[in-house]
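Single-structure report; data block below.
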Amino acid sequence: MKILLVCNAGMSTSMLVSRMEKAAQARGLSIEIQAVPITQAETMLKEWDIVMLGPQVRHQLNYLIKKAEGQTPIQVIEMRDYGMMNGEKVLDAALKVIGE
């Protein structure tokens with residue numbers, strides 16, 4: 001399972017990636033999670049099981065949905081979960097969307 005997190009520069013989500021990885025390990029899940037800047041995300045959309053946008057780039061949601069051509073679900077991370085860097089809740093949201 002592969003989860004891509006997208007933000008303005010790819011830096012603010014790096015802490016969230018590590019918290020999500022810890023939550024996945026605690027559950028015994030094998031998940032690849034990566035953070036990239038919005039400028040890089042467009043070329044990678046179809047390689048991931050889900051793409052999750054940081055609240056600061058939520059304005060790109062419709063554009064990226066079109067680019068994904070229905071092949072990859074794309075959703076915005078809840079602002080509260082993002083602000084609190086709640087890896088557990090963000091992981092839960094991703095798993096719910098991809099049906100795991």
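Numbering starts at 1 and runs along the sequence shown. Everything numeric here is computed off the predicted structure, so don't read it as measured data.
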- Query: Do T72 side-chain atoms and I50 backbone N/O form a donor-acceptor pair below 3.5 Å?
  - Reply: no
- Short question: side chain of R19, backbone of M85 - any donor-acceptor pair under 3.5 Å? yes
- Using a cut-off of 6.0 Å, state whether more than 12 heavy atoms not belonging to Q34 lie near its atom CD. yes
- Item | Residue K89 excluded, over 12 heavy atoms near NZ under 6.0 Å | no
- Using the salt bridge (Lys or Arg N to Asp or Glu O under 4.0 Å) rule, collect all pairs that involve residues 35-56, keeping only residues at least two apart or in two chains. E42-K67, K46-E69
- Go through I3 and M52 one step at a time and tell me if the side-chain contact (heavy atoms from CB on, under 4.5 Å) criterion holds. CA-CA 7 Å; I3 301 171; M52 302 188 78; 4.2 Å; yes
Work out which heavy atom in [X] is nearest to a heavy atom in [Y]; give both atom names and the distance.
X	Y	result
Q40	T43	O-OG1, 3.0 Å
R58	L53	CA-CD1, 4.4 Å
A35	S14	CB-N, 4.4 Å

Inter-residue atom distance [X].[atom1] - [Y].[atom2], 0.5 Å rounding:
X	Y	atom1	atom2	answer
M79	D81	CE	CG	11.0 Å
N8	T39	CG	OG1	9.5 Å
S30	Q25	OG	CD	9.5 Å

Answer whether the closest heavy-atom distance between the side chains of [X] and [Y] falls below 4.5 Å.
X	Y	result
L95	L29	yes
L45	I74	yes
V6	Q60	no

- Task: Please assess I77 against L16 for the test side-chain contact (heavy atoms from CB on, under 4.5 Å), listing each intermediate value before the final yes or no.
- Result: CA-CA 11 Å; I77 299 168; L16 186 55; 4.0 Å; yes
- With hydrophobic residues grouped by side-chain heavy-atom distances under 4.5 Å, do I33 and M84 end up in a single group? no
- According to a 4.5 Å side-chain heavy-atom criterion applied to Ile, Leu, Val, Met, Phe, Trp and Tyr, with indirect links allowed, do Y63 and V76 form part of one hydrophobic cluster? yes
- Show your working on side-chain contact (heavy atoms from CB on, under 4.5 Å) between Q75 and V97 and close with a plain yes or no. CA-CA 9 Å; Q75 80 170 47; V97 170; 2.6 Å; yes
- Message: Run the side-chain contact (heavy atoms from CB on, under 4.5 Å) test on L91 and I31 for me, step by step, so that the C-alpha distance in whole Å, both residues' side-chain angles and the decisive distance to 0.1 Å come before the verdict.
- Response: CA-CA 10 Å; L91 179 62; I31 299 178; 3.7 Å; yes
- Item | Which residues share a side chain to side chain donor-acceptor pair (under 3.5 Å) with Q56, sequence neighbours left out | S12, Y82
- Test: D92 and R27 ion pair at under 4.0 Å: yes
